[in-house]
Amino acid sequence: MAAQCVTKVELSVSCNNLLDKDVGSKSDPLCVLLMNTSGTQWFEVGRTEQVQNCLSPQFAKKFVIDYYFELVQKLKFGVYDIDNKTIDLSDDDFLGEIECTVGQIVSSKKLTRPLVLKNQKPAGKGTISITAEEIKDNRVVNFEVEARKLDNKDFFGKSDPYLEFYKQTDRGWQLAHRTEVIKNNLNPVWKPFKIPMRSLCNGDLEKPIKVECYDYDNDGSHDLIGIFETNLSKLQEASRTTPAEFECINMKKKQKKKHYKNSGVVSVKSCQVVKEYTFLDYIMGGCQINFTVGIDFTGSNGDPRSPESLHYISPQGFNEYLMAIWSVGLVIQDYDSDKMFPAFGFGAQIPPSWQVSHEFPLNFNPANPFCAGIQGVVDAYRVCLPQVKLYGPTNFSPIINHVAKFASEAAQQNSAAKAATQYFVLLIITDGVITDLDETRNAIVNASRLPMSVIIVGVGGADFSAMEFLDGDDGTLRSPTGQPAIRDIVQFVPFRKFQNAPKEALAQCVLAELPQQVTSYFSMTKLQPPNDPNQA
């Protein structure tokens, strides 16, 4: 029987006395969370933001994980000093890690442990503290905030202000959110942001909230401009015509200056509490996930009759393509009610004219490219393989645009029904080097506006750096003309990482970002589940 997710848990992380790896300044730490539920395979859950020049960071970004009472969920928190823009952490300075379980954190209110290096020796005096809170409330608070006449803390130029919001807890004030820094501006307007209600005040409208305004300094010695305390009930009085205004008070200045009034005014233009639906709310409320498979039949895979070929089916009936289809498909098929999956190939010469095609149905039936269940996709692949000639080039954009056409129609149906009825997932399995990178970037940027995600599984040992580039984890993907993707919809995973792992591990890693991609799309388009699952 599948494990039942008991609840969701939000983890807050802070560190003290980290190793200093930077010459002339302090480390710029980031924390990465890895999870292991079976075997030796760890997969990444997420990363905090990077805190500049700080050896005792409080990270504002939280980790939200599913808590399964009946599973030993091993966690590894790794802290790194980030010195470059790459997503890969192996070229960053390692500041230490700890291993523990979700159960240990949940049962000890606040878990504090010394950080250790890879050889298990202490990482200096560095420690990490993790606190856990159960998520029972899925409301978020949307803010629009600006300030005026802030004190100038900079000798040259003007202050570079940012805000920090704190929740009151029985262990003191806990950081809930940090805004971006607005450079050189005493009248800043911050980008709209949202804070989960539980992180801000645990759903209590009268619970004190503290807001601190700082002037950002590169060396980490941020200067306090001023502080105010309020609560959600006062913040909610804000409107564009009559904003909720708060004086920033700097107690040191107030004690020194006789006629001190304030250090500036923070003006809340909008503060709205909205319900944020979870992935399960959408699924249980009737949203359909439509799954499409695209398979690479280019010549670089090698002759399917040769055992060296990635398309060679072993005497046991397997190859990496089939294993990827099975492991991802078995998980995703549960969310598709008719279990009919369109399956396409690309990069082959196909009968009868032997023209190269970049989106041909595996069953050679363009009017009805659907296969019955994952077994149907596998059967169609086996029948198709000896009938086509592997060729090239490796073009992704035709199949992405093909699925995008259906996702675009679904987007119109979604908005007509004012409900999140459909979402599309395209699984591309490829042996690597992409030929139409610019067209593919364009296709992904366009698809980022649609109810659609793209999963790429790389098989074989090729150089997959272009795939890492398409997976926007290390920054926003842009089209060749500079247009940004409005959300990250690509997840890339190299199959070789999972060759010796349990069969669930690939699916777990490949599908890790999908729930968030689904909810971010429907939240961006303000669409609710077709039926509210909580009313059932």
[Y] side chain reached by [X] side chain, heavy atoms, under 4.5 Å:
X	Y	result
Ile313	Phe318	no
Gln50	Arg47	no
Leu390	His311	yes
Phe492	Phe464	yes
Gln272	Val141	no
Met197	Leu205	yes

For the pair [X] (side chain) and [Y] (backbone), establish whether a donor and an acceptor sit closer than 3.5 Å, ignoring hydrogens and angles.
X	Y	result
Asp281	Thr278	yes
Ser479	Gln483	yes
Glu409	Phe406	no
Thr435	Thr394	yes
Lys269	Ala238	no
Glu44	Leu34	no
Glu320	Gly460	yes
Thr179	Leu163	yes
Glu180	Lys191	yes
Ser408	Ala404	no

- Item | More than 12 heavy atoms from other groups under 6.0 Å of CD on Gln355 |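 Atom CD in Gln355 is not packed in, count stays at 12 or less.
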- Message: If you count every heavy atom of other residues, nucleotides or ligands that lies below 6.0 Å from Lys74 atom NZ, does the total exceed 12?
- Response: no
For a quick check under 3.5 Å, do [X] and [Y] share a side-chain donor-acceptor pair by atom type?
X	Y	value
Asn395	Ser397	no
Ser453	Gln517	yes
Asn301	Tyr321	yes
Tyr166	Gln168	no

Shortest non-hydrogen contact from [X] to [Y]?
X	Y	answer
Arg487	Leu450	NH2-O, 2.7 Å
Val140	Lys194	CG2-CD, 4.5 Å
Ile486	Ser448	N-OG, 3.0 Å
Ala176	Ser199	CB-O, 3.3 Å

- Message: Ring-plane angle category for Tyr381 and Phe297, please: parallel below 30°, perpendicular beyond 60°, tilted otherwise.
- Response: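 The arrangement is tilted - the two ring planes meet at 30° to 60°.
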- Fit a plane to each ring of Phe143 and Phe193, take the angle between them on a 0 to 90° scale, and name the class: parallel (under 30°), tilted (30 to 60°) or perpendicular (over 60°). parallel
- Rounded to the nearest 0.5 angstrom, the CD1-CG distance for Ile105 and Leu75 is 5.0 Å
[Y]/[X] salt bridge by N-O under 4.0 Å criterion:
X	Y	result
Lys62	Glu10	no
Glu144	Arg240	yes
Lys339	Asp336	no
Lys167	Glu133	yes
Lys8	Asp66	yes
Glu276	Arg139	no

- When you look at Val425 and Ile455, which way does the side-chain contact (heavy atoms from CB on, under 4.5 Å) test go after all the steps? CA-CA 7 Å; Val425 177; Ile455 293 166; 3.8 Å; yes
- Audit row: Val403, Asn290, side-chain contact (heavy atoms from CB on, under 4.5 Å) steps and yes/no: CA-CA 10 Å; Val403 175; Asn290 300 294; over 6 Å; no
- Test side-chain contact (heavy atoms from CB on, under 4.5 Å) applied to Thr292 and Phe341, step by step: CA-CA 6 Å; Thr292 303; Phe341 305 121; over 6 Å; no
- Query: Is the centre of the Phe396 ring less than 6.0 Å from the centre of the Phe346 ring?
  - Reply: yes
- Query: Given the side-chain rings of Phe522 and Tyr277, with only the six-membered ring counted for Trp, is the space between their centroids under 6.0 Å?
  - Reply: no
- Task: For Glu146, enumerate each residue passing the side chain to side chain donor-acceptor pair (under 3.5 Å) test, keeping only those at least two apart in sequence or located in another chain.
- Result: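 Glu146 satisfies side chain to side chain donor-acceptor pair (under 3.5 Å) with no other residue.
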